[in-house]
Amino acid sequence: MPELPEVETVRASLEPKLVGRRFEEVEIHDSRLTRPVDPAEVAAELEGERVSAVDRRGKYLIVRFESGLVLLIHLRMTGNLVHSRNGAQAQAHLRAVVKLDDGSDVIYRDVRRFGTWLVLAADEVDTYLAARLGLEPLERTFSARNLGERLVGRRVSIKAALLDQRILAGVGNIYADEALWRARIDPRRPAGELDRGELGKLHRGIRRALEAGIARQGATLRDYRTPEGAAGTMQNEFKVYGRGSEPCLRCGTPIAKTRIAGRGTWFCPGCQR
DNA sequence: CTTTTTCCCTGGACGC
DNA sequence: TGCGTCCAGGGAAAAA
């Protein structure tokens with residue numbers, strides 16, 4: 001499930017391969033990918049465009065073109081971008097292929113078809129993203145203080161708040177659990193009740209968890225791969241996610257599993273308070 | 001306004 | 001072996 005570290009890994013890998021390249025030919029095989037826009041229309045818009053930058057905001061990949069046009073890609077659950085220099089062989093769940101002007105291809109696969117490709121004009125992008133995304137956790141401007149400001153008065157659990165992209169952008173189910181373990185905070189605590197010290201620990205925990213994920217090229221549980229086709233290794237470093245009944249690495253208490261905001265949630269009932 | 005629930009989608013795991 | 005059921009979860013939309 002691509003979260004910020006996985007999307008950032010994809011971004012960093014694709015950036016040097018795409019910047020300066022032209023989209024020669026674009027094939028989109030799944031109408032769900034561009035819904036409600038006709039995929040043929042999106043393909044036609046993208047053909048001939050030359051890439052000027054590959055950015056990221058939250059879990060969105062932002063492909064900017066010299067013309068000002070922007071392609072926003074969201075991988076959702078199982079979306080996967082691979083760069084290939086030897087053609088796009090017939091592959092299961094192939095949803096789109098972009099042929100670049102250096103002869104290489106960008107191949108998009110997505111088992112569950114939740115991913116989206118959206119084309120916007122340059123002046124529409126900020127508005128679109130600002131309506132959906134809050135603080136960017138790895139930006140310098142992200143602080144314990146402005147995290148706290150976003151949580152004031154919130155009665156939802158801190159886990160649910162971390163998953164709310166309008167509060168904090170890029171953290172998903174895995175890294176939310178990992179960040180809360182690092183911060184020693186119980187995921188069920190009401191978000192608005194964290195004190196100043198806890199906010200500081202949470203701020204640090206979020207950054208540490210995300211940075212660890214990026215350093216390991218993300219976590220591969222099933223579908224996620226880097227654009228080189230490699231698996232990430234962050235799944236080997238999980239402190240709590242998926243470790244139900246195994247001993248806490250800090251205090252030895254068996255890790256508990258519960259359900260918060262409809263998502264599987266793992267935490268240590270011994271040292272997360 | 002905030003919060004909760006439902007839905008989308010496929011395939012792997014599991015029980016019988 | 002086969003079939004039904006549950007689970008995985010990001011985010012949009014509807015409901016409360």
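Every chain is numbered from 1, with letters handed out A, B, ... down the list of sequences. Quick caveat: nothing in here was measured; it's all calculated off a predicted structure.
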Quiz prompt | Flag if over 12 foreign heavy atoms under 6.0 Å of NZ, Lys201(A) | solution = no
Quiz item: Hey, does Tyr241(A) reach any base, or is it just sugar-phosphate, or nothing, if we go heavy atoms under 4.0 Å?
Solution: sugar-phosphate
Quiz item: With sugar-phosphate meaning primed atoms plus P, OP1 and OP2, does Gly264(A) contact a base, only sugar-phosphate, or nothing at under 4.0 Å between heavy atoms?
Solution: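 Sugar-phosphate, backbone atoms only, no base.
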Practice problem: Among Arg109(A), Arg35(A), Arg112(A), Arg113(A), find the residue that satisfies the salt bridge (charged side-chain N to carboxylate O under 4.0 Å, His left out) test when tested with Asp30(A). | Solution: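 Answer to the salt bridge (charged side-chain N to carboxylate O under 4.0 Å, His left out) test with Asp30(A) among Arg109(A), Arg35(A), Arg112(A), Arg113(A): Arg113(A).
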So, does [X] get its side chain near the phosphate of [N], meaning an N or O under 4.0 Å from OP1 or OP2?
X	N	answer
Lys257(A)	dC7(C)	no
Arg112(A)	dC8(B)	no
His93(A)	dC9(B)	no
Arg32(A)	dC9(B)	yes

Quiz prompt | In one Ile/Leu/Val/Met/Phe/Trp/Tyr side-chain cluster, 4.5 Å: Leu75(A), Leu210(A) | solution = no
Practice problem: List the protein contact pattern of nucleotides 11-16 of chain C with one symbol per nucleotide (5' to 3'): B for base contact, S for sugar-phosphate-only contact, - for none; contact means a heavy-atom distance under 4.0 Å. | Solution: BS----
Quiz prompt | Which nucleotide in dT3(B), dC9(B), dA8(C) has an atom nearest any side-chain atom of Arg155(A) | solution = dT3(B)
Quiz prompt | Nearest listed nucleotide, side chain of Asn173(A), among dT10(B), dC8(B), dG10(C) | solution =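 Of the candidates, dG10(C) comes closest.
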